[in-house]
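So the structure is just underneath, and the comments pick up after that.
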Number of protein chains: 2
Amino acid sequence: MTGRRPTSFDIAALAGVSQPTVSRALSGNKSVSEETRRKVVEAAEKLNYTVDKYASGLRKRTSDTLALLFFEDPTPDDTLINPFYLSMLGGIARAASARGYDLLISIQQLSEDWHVDYEDSHKADGIMLLGYGDYLEARPRLEQLVQQGTHFVRWGAAEAGQIGTTVGSDNGQGGYLVGKHLLDRGRSKVAFLGLSDETAPEFLERYLGLSRALGEEGHEVVAAEDAIATAESGRNACERLLDSGVEFDAIFCAADIIAIGAMKLLSERGLKIPDDVSVVGFDDTIAARMSEPALTSVVQDTRRAAETLVDTLIAKIQDAAPESVLLPVELKVRGSS
Amino acid sequence: MTGRRPTSFDIAALAGVSQPTVSRALSGNKSVSEETRRKVVEAAEKLNYTVDKYASGLRKRTSDTLALLFFEDPTPDDTLINPFYLSMLGGIARAASARGYDLLISIQQLSEDWHVDYEDSHKADGIMLLGYGDYLEARPRLEQLVQQGTHFVRWGAAEAGQIGTTVGSDNGQGGYLVGKHLLDRGRSKVAFLGLSDETAPEFLERYLGLSRALGEEGHEVVAAEDAIATAESGRNACERLLDSGVEFDAIFCAADIIAIGAMKLLSERGLKIPDDVSVVGFDDTIAARMSEPALTSVVQDTRRAAETLVDTLIAKIQDAAPESVLLPVELKVRGSS
DNA sequence: CTGAAAGCGCTTACAG
DNA sequence: CTGAAAGCGCTTACAG
């Protein structure tokens with residue numbers, strides 16, 4: 001550091017006003033005259049002054065910071081964050097910044113004691129939870145957050161009975177669109193790769209949506225193999241599906257990354273996509289668009305999702321008690337179906 | 001929010017000691033007796049107390065926070081961060097956390113006035129710069145950082161003449177390994193997709209490494225088409241390459257994501273990979289491993305890169321003046337070559 | 001090994 | 001519209 005940082009007293013001296021006036025001028029306080037504000041801003045620029053976040057945070061009792069907690073999928077091999085969550089990062093960072101908040105990031109294991117951090121130690125005014133998978137395991141912790149009055153918003157399944165405020169895509173509608181589309185294409189023996197129980201509520205909603213669409217035409221899901229959001233897991237699930245001998249003419253994967261693994265196995269086994277099997281994913285990631293053939297997928301509006309998440313959290317911080325939000329999705333049909 | 005947060009005075013009262021002793025006990029100060037520390041820790045746990053980051057930061061004049069600045073590639077269409085940088089995020093977050101630092105994130109446009117932030121306003125003790133592409137444009141800003149005494153470490157090209165401390169992969173060695181490998185496979189008419197000028201020093205190093213390997217056998221790069229790190233750009237560059245009529249039997253793409261786009265175009269044009277054209281990428285992303293055929297690529301050790309970046313920055317913060325670091329790379333041969 | 005005192009750099013009533 | 005005063009919750013010399 002070239003000398004010490006300038007403080008508001010240095011600015012005050014240079015501008016010929018008192019120190020509190022510097023604070024008022026720079027925070028946009030209405031009562032400061034334009035003339036005074038101009039002098040202060042000029043002095044601040046000259047000395048390259050910025051308000052000390054820690055002093056200001058201590059006094060105001062707010063941090064102007066949001067925390068983003070990524071929860072890792074419990075992958076056996078490596079520690080991986082679902083690419084879709086990662087793709088939301090940019091939008092969240094931008095949205096937070098546009099609204100005057102800094103963004104603190106942390107990667108968490110579901111097993112860790114994450115509830116006592118961040119807002120408790122006054123690092124953030126509120127918390128966003130992303131990629132939180134296992135509903136049952138985390139339930140007590142979410143309840144504790146609610147009880148402590150912590151401001152938080154969860155990304156994920158937004159169905160009734162969820163704890164706290166949630167922002168998420170309309171997963172049920174997504175699954176339903178996929179079912180309708182496959183039926184349109186003359187495919188009625190649809191298998192599902194993903195989790196279809198309460199441990200992964202988003203995947204479950206997608207499954208139920210598919211099931212509903214098929215049911216309307218008198219069909220049902222012919223098979224469901226468990227897969228978590230990794231290509232490896234998708235590949236293995238697809239292998240179990242093939243080995244089970246169940247007949248199918250389409251596969252709906254609960255995430256693109258699962259579909260990527262499944263498609264790779266299918267082509268290794270000599271199956272043609274979409275002639276022998278239609279494949280559909282969810283998330284519309286880059287990998288999906290670039291696969292061969294390009295993957296039909298359910299699009300979530302990442303930018304809007306990110307903004308909604310941030311805005312909802314800020315509303316909570318301001319005690320506005322916002323509702324949970326369900327964002328519309330869209331089906332993007334490509335070569336794989 | 002259930003009442004006000006407890007302070008160190010509350011803990012002191014409960015533990016029957018003075019407030020400074022609470023601070024000492026919790027910060028691990030050696031002079032506190034074990035007996036006293038135990039009482040304090042017990043009281044702190046009982047009241048769910050954590051040290052206020054803002055008060056502590058103000059007093060200590062350090063923030064125990066690192067800032068990570070992502071620079072977006074100037075994509076024409078959408079705002080995208082190179083997937084490779086995103087893949088480093090997890091490792092960086094974990095490494096920072098393991099060393100007792102919080103991590104602040106920001107997405108930046110190269111054009112913005114990013115130097116006056118973060119350390120200036122005392123939000124972070126140091127800054128990591130990732131995905132910084134245009135060397136020439138950013139040079140004056142980096143020089144200003146150095147001049148201001150800001151603690152920062154850059155990820156990227158680590159060749160001589162770079163400003164400040166840099167941590168990066170041995171891109172030259174990577175390009176060289178690719179050249180050798182292609183020659184081994186009997187391919188000598190190698191085209192390059194990426195940038196091969198100073199605006200993208202990492203890409204340039206990869207290009208030069210390839211060129212050196214080919215040169216040792218009396219060959220040279222047959223063509224170089226500009227591409228930035230997006231699939232779209234890779235596709236376009238590959239199209240220009242094909243349309244140029246230049247003969248080639250291999251393509252080295254400066255990033256996997258470029259290769260993904262190029263491979264897609266090649267197969268649309270009916271070219272077989274690797275029979276007609278070998279394709280090699282750089283970064284070893286998931287998309288590369290999952291493409292059809294799987295992409296030969298240069299592997300950067302992401303975890304080690306992330307840890308080295310964080311450790312180097314912490315060393316700088318502690319005024320240890322660390323050297324720039326060049327990390328070894330490895331070639332992962334797969335079906336595409 | 002522990003306590004009393006000072007002060008980090010701000011913001012916000014309180015006066016005028 | 002502006003200034004003098006107090007205080008946010010800690011950490012760190014300074015004593016003892």
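As the structure is a prediction and not an experimental result, all values here were calculated from the model. Letters go in sequence order (proteins before strands), and every chain restarts at 1.
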Which base sits across from dA13(D) as a Watson-Crick or G-U pair, both distances under 3.5 Å?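 For dA13(D), the partner nucleotide comes out as none, under the 3.5 Å rule.
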According to the Watson-Crick and G-U wobble definitions, with both distances under 3.5 Å, which nucleotide is paired to dA4(C)?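 For dA4(C), the partner nucleotide comes out as none, under the 3.5 Å rule.
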Please evaluate residues K316(A) and T165(A) with respect to the criterion side-chain hydrogen bond (donor to acceptor under 3.5 Å, both in side chains), reporting the C-alpha separation (whole Å), side-chain torsions for both, the decisive distance (0.1 Å), and the verdict. CA-CA 9 Å; K316(A) 286 219 94 155; T165(A) 305; 2.7 Å; yes
Rounded to the nearest Å, what distance is computed from the [atom1] atom of residue [X] to the [atom2] atom of nucleotide [N]?
X: Y54(B); N: dG7(D); atom1: OH; atom2: C1'; value: 19 Å
X: K60(B); N: dT12(D); atom1: NZ; atom2: P; value: 7 Å
X: Q19(A); N: dG7(D); atom1: CD; atom2: C1'; value: 13 Å
X: K39(A); N: dT2(D); atom1: NZ; atom2: P; value: 8 Å
X: D52(B); N: dC8(C); atom1: CG; atom2: C1'; value: 13 Å
X: F9(A); N: dA4(D); atom1: CZ; atom2: P; value: 10 Å
X: L58(B); N: dG7(D); atom1: CG; atom2: P; value: 17 Å
X: N29(B); N: dT12(D); atom1: CG; atom2: P; value: 9 Å

Checking [Y] against [X]: is there a side-chain donor and acceptor pair closer than 3.5 Å?
X: T62(A); Y: D125(A); result: no
X: S31(A); Y: N29(A); result: yes
X: K123(A); Y: T65(B); result: no

Does CD belonging to E323(A) count more than 12 external heavy atoms closer than 6.0 Å?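 No, the 6.0 Å shell around CD holds no more than 12 heavy atoms from other groups.
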Which of these, V167(A), V153(A), D301(A), sits in a side-chain contact (heavy atoms from CB on, under 4.5 Å) with T308(A)?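 Testing T308(A) for a side-chain contact (heavy atoms from CB on, under 4.5 Å) against V167(A), V153(A), D301(A) leaves exactly one candidate, V167(A).
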Out of [options], whichever nucleotide has its closest atom nearest the side chain of [X]:
X: T21(A); options: dC1(D), dG3(D), dA5(C); value: dG3(D)
X: R24(B); options: dC10(D), dA13(D), dC1(D); value: dA13(D)
X: A55(A); options: dG9(D), dC10(C), dC1(D); value: dC10(C)

Please determine whether a side-chain nitrogen or oxygen atom of [X] lies at a distance below 4.0 Å from atom OP1 or OP2 of [N].
X: T7(A); N: dG9(C); result: no
X: S18(B); N: dG3(C); result: yes
X: R61(A); N: dT12(C); result: no
X: Y49(B); N: dC10(D); result: yes
X: S23(A); N: dG9(C); result: no

Students often get this wrong, so: under 4.0 angstrom with heavy atoms, is [X] touching a base, only sugar-phosphate, or nothing?
X: T36(B); result: sugar-phosphate
X: S56(B); result: sugar-phosphate
X: V32(A); result: sugar-phosphate

